[in-house]
A.B. asks: 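Got a structure for you, written out below as structure tokens; questions coming shortly.
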Amino acid sequence: MNALMRRGAARLAAAFLASGLAAVGPLAAAAPAAADDAPRTTGGVTATLGRITQGARAVVKDSGRATDVLAGLYEMKVDDGGNLQTYSVDIRTNAVDGTKYKEADWAESSLHANQNAGKIRWILENSYPQVNDLAKLAKAAGADKLGPNTAAAGTQVAIWRYADGVTVDAADPDAQKLADHLYKNAENLDEPKASLRLGPPAVSGRPGQRIGPVTVRTTAGSVTVTPSGDAVGKGIKIVDKDGKPVTSTTDGGQVYFDVPAGAADGTASLKAGAATKVPVGRAFIGVGTKTQTQVLAGSSEATTGATATATWAQKGAIPAVSGRKDCARGGMEVTTENKGDQPFAFELDGRKDTVGPGASKAVLVTVAEDHAYRITVTGPHGFAKTFSGILDCRTAGIGTTSATSGPLPSASPSGAAASRTAGTAGSAGRAGASAGGDLAGTGSSSATPLMAGVAVVLMIAGGTAVYLLRRREA
């Protein structure tokens with residue numbers, strides 16, 4: 001083992017010992033890198049990952065070795081209001097509290113090629129916290145008793161089995177029975193709908209005309225639609241197909257940019273926002289950093305948003321450029337549309353291309369897995385559109401680890417969080433009341449002494465350190 005590995009081991013141990021109970025998932029991870037892409041471009045909820053609030057010990061058998069991990073339920077704070085609860089997928093990838101996440105389709109996440117993704121959603125729909133009657137859940141699983149901690153652990157173990165194909169068992173016998181029950185009875189369900197999406201996110205046309213349409217897709221009952229500040233200054237209005245001003249709409253509604261006939265060539269944007277519960281089973285992926293994918297288990301009413309842009313010109317080429325991550329093909333698909341009367345000559349990823357009048361073209365820019373990308377489309381008159389992020393599309397395979405660079409976490413959880421974590425290993429916490437929707441209350445176990453909890457977490461920390469260092473040696 002070289003000096004760098006020894007220093008890493010020392011830092012890992014010190015971080016856990018200094019925090020006492022800073023268990024944040026299967027593996028400790030580095031702080032997230034700053035992201036320069038706009039997480040709201042494609043729409044949906046953005047949130048910050050917190051710690052595991054309810055969970056218990058599990059054992060992973062990987063490459064002939066057994067490693068203790070903490071299996072449980074994470075908490076997320078929505079940027080503009082609301083709370084989420086999530087379980088993780090991709091057990092061999094690191095996660096750390098403070099990471100920025102955004103809502104995503106399965107096609108944009110490590111679930112894109114998983115034939116059992118629908119079974120993961122079934123588990124989420126049919127276990128804790130969606131099923132908050134733990135006595136009923138225990139009876140269905142053939143368990144003696146389930147508390148929030150053991151119910152969360154059993155649910156997470158069942159999800160890992162389908163998400164990663166890993167051999168993992170809950171340490172608590174009742175949690176193990178729940179995991180086996182969920183794994184055996186899971187059925188394939190369809191992917192849930194996005195909380196909010198605007199499509200297409202970029203449109204173009206001529207001034208004096210209604211430019212669009214932009215279609216709203218949402219699970220909310222109503223969505224507010226407003227022009228951004230730059231649009232207001234240019235006299236741009238958001239209207240329906242008949243030209244009537246629009247301030248709100250519903251799922252399937254179509255809105256347009258109304259650009260005055262004399263407007264100089266330019267661009268503007270609109271903002272859509274709503275308050276809704278995010279559908280269970282939606283994926284959450286890291287923004288600008290490699291991190292563990294999360295799947296939604298419960299949501300309070302949360303703030304969701306999206307943006308769309310319009311470009312217009314009196315004559316010549318009028319481009320509208322949008323991009324989406326395509327995990328199946330391993331890259332970013334960039335679509336360029338031209339609503340003008342002349343060809344639009346542009347450069348993408350170092351290659352020159354042209355889109356004729358009234359035509360569109362989609363180009364895939366391949367990106368290596370776990371690598372950062374920054375893709376820019378440039379054209380005449382200073383036109384530029386940039387897409388950036390990290391391609392994080394696969395679960396880490398057996399014998400691999402995907403630790404990110406940077407300092408290891410050392411901040412201790414709050415006193416309440418520490419108390420909850422201390423009672424996780426094989427103990428049943430009290431069931432809390434739901435808060436603001438289908439979020440489960442964060443229970444704790446007062447029966448387990450603090451020192452017992454500290455011992456459990458230190459044991460997990462030791463196993464995690466060995467797990468990570470052995471992978472680095474390999």
Side-chain angles (χ1 to χ4, degrees), residues 39-50 73-90 101-112 114-132 152 155-156 158-159 162-163 182 186-199 201 215-224 249-253 272-287 292-306 324-325 327 434-440:
R40 279 261 169 110
T41 299
T42 55
V45 167
T46 56
T48 302
L49 183 68
L73 194 61
Y74 285 90
E75 183 178 80
M76 280 191 178
K77 297 293 185 183
V78 178
D79 286 357
D80 296 322
N83 296 287
L84 308 175
Q85 286 181 312
T86 61
Y87 290 105
S88 70
V89 299
D90 197 3
Y101 278 78
K102 65 179 180 179
E103 181 185 348
D105 292 338
W106 290 352
E108 298 178 274
S109 76
S110 58
L111 295 175
H112 75 279
N114 191 325
Q115 296 181 349
N116 293 314
K119 292 184 178 181
I120 294 173
R121 185 188 176 191
W122 185 94
I123 292 171
L124 294 165
E125 294 277 11
N126 291 274
S127 191
Y128 185 74
Q130 288 299 305
V131 178
N132 208 22
T155 306
Q156 177 66 90
I159 290 171
Y162 276 124
L182 295 171
E187 302 173 4
N188 261 315
L189 300 181
D190 293 334
E191 180 177 359
K193 296 180 180 179
S195 63
L196 178 60
R197 174 183 290 125
L198 299 180
T215 303
V216 177
R217 296 296 181 189
T218 184
T219 58
S222 179
V223 177
T224 60
T249 187
T250 57
D251 181 46
T276 186
K277 291 181 182 178
V278 184
V280 171
R282 289 292 289 170
F284 278 78
I285 60 176
V287 177
Q292 196 174 66
T293 300
Q294 302 283 314
V295 286
L296 190 76
S299 171
S300 69
E301 191 170 80
T303 303
T304 181
R324 69 179 186 91
K325 186 162 68 171
C327 282
S434 295
D438 55 8
L439 277 173

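Any value given below was found using the heavy atoms of this structure, including those in side chains, with hydrogens, waters and symmetry copies removed.
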A.B. asks: Report the distance from atom CZ of Phe284 to atom OG1 of Thr86, rounding to the nearest 0.5 Å.
C.D. replies: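 Reported to 0.5 Å precision, the distance equals 8.0 Å.
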A.B. asks: For the pair Leu84 and Tyr101, evaluate side chain to side chain contact (heavy atoms under 4.5 Å, CB included) and give the outcome as yes or no after the intermediate values.
C.D. replies: CA-CA 11 Å; Leu84 308 175; Tyr101 278 78; over 6 Å; no
A.B. asks: Please find the pair of heavy atoms, one from Ala306 and one from Gly43, that lie closest to each other, and give the distance.
C.D. replies: CB-CA, 3.4 Å
A.B. asks: Can you tell me if Lys325 uses its side chain to pair, donor with acceptor, with the backbone of Glu108 under 3.5 Å?
C.D. replies: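 Here the side-chain-to-backbone pair exists.
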A.B. asks: Nearest 0.5 angstrom please: Gln292 CD to Tyr74 OH, how far?
C.D. replies: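 If we round to the nearest 0.5 Å, Gln292:CD and Tyr74:OH are 4.5 Å apart.
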A.B. asks: Check Ala220 against Ala275 and note the closest heavy-atom contact, atom names and distance.
C.D. replies: CB-O, 4.2 Å
A.B. asks: One thing to verify: whether Asp105 and Arg197 come together as a salt bridge, which I'm taking to mean a side-chain N less than 4.0 angstrom from a carboxylate O.
C.D. replies: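 A salt bridge links Arg197 with Asp105.
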A.B. asks: Of the non-hydrogen atoms in Ala152 and Tyr128, which two are nearest, and what is the gap between them?
C.D. replies: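 Ala152 and Tyr128 have their closest heavy atoms at N-CD2, 4.1 Å.
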A.B. asks: My understanding is that only residues two or more places apart in sequence, or in another chain, count here; which of them pass side-chain contact (heavy atoms from CB on, under 4.5 Å) with Asn188?
C.D. replies: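 Expected list: Lys119.
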A.B. asks: Which residues pass the side-chain contact (heavy atoms from CB on, under 4.5 Å) test with Lys77, sequence neighbours left out?
C.D. replies: Glu75, Asn83
A.B. asks: Side chains of Leu196 and Val216, heavy atoms from C-beta outward: is any pair under 4.5 Å?
C.D. replies: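 The answer is yes, as the side chains (C-beta and beyond) meet within the 4.5 Å cut-off.
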A.B. asks: Using only atom types and a distance under 3.5 Å, with no angle test, would you say the side chain of Gln85 pairs donor to acceptor with the backbone of Pro129?
C.D. replies: no
A.B. asks: Taking the side chain as every heavy atom from C-beta outward, state whether Trp106 and Pro192 have any pair of such atoms under 4.5 Å apart.
C.D. replies: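 Yes - at least one pair of side-chain heavy atoms lies under 4.5 Å apart.
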A.B. asks: Just how far is it from atom CD1 of Ile123 to atom CD of Gln156, taken to the nearest 0.5 Å?
C.D. replies: 10.0 Å
A.B. asks: Among Leu198, Asp251, Thr249, Thr250, which one satisfies side-chain contact (heavy atoms from CB on, under 4.5 Å) with Thr218?
C.D. replies: Asp251
A.B. asks: List in chain and number order the residues that pass side-chain contact (heavy atoms from CB on, under 4.5 Å) with Thr215, two or more places apart in sequence or in another chain; answer none if no residue qualifies.
C.D. replies: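 In terms of side-chain contact (heavy atoms from CB on, under 4.5 Å), with neighbours along the sequence ignored, Thr215 is linked to Arg217, Gln254.
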A.B. asks: Provide the closest heavy-atom pair for Asn114 versus Tyr162 in the form atom of the first, atom of the second, distance.
C.D. replies: ND2-O, 3.1 Å
A.B. asks: So how far is it from Asp90 CG to Leu111 CG, rounded to the nearest 0.5 Å?
C.D. replies: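 Between atom CG of Asp90 and atom CG of Leu111 there are 9.5 Å.
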A.B. asks: Looking at every non-hydrogen atom in both residues, tell me the closest pair between Ser110 and Thr293 and how far apart they are.
C.D. replies: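 Looking at all heavy atoms of both residues, the shortest contact is OG-OG1, 3.5 Å.
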A.B. asks: Looking at CG of Leu124 and CZ of Arg282, how far apart are the two atoms once the value is rounded to the nearest 0.5 Å?
C.D. replies: 13.0 Å
A.B. asks: If you measure from NZ on Lys277 to CG on Leu296, what distance do you get to the nearest 0.5 Å?
C.D. replies: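 Answer rounded to 0.5 Å: 11.5 Å.
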A.B. asks: Can you name the one residue among Asp79, Asp80, Val278 that meets side-chain contact (heavy atoms from CB on, under 4.5 Å) with Val45?
C.D. replies: Val278
A.B. asks: Between Ala186 and Trp122, what is the shortest heavy-atom contact and its length?
C.D. replies: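 Closest approach of Ala186 to Trp122: CA-CE3, 3.4 Å.
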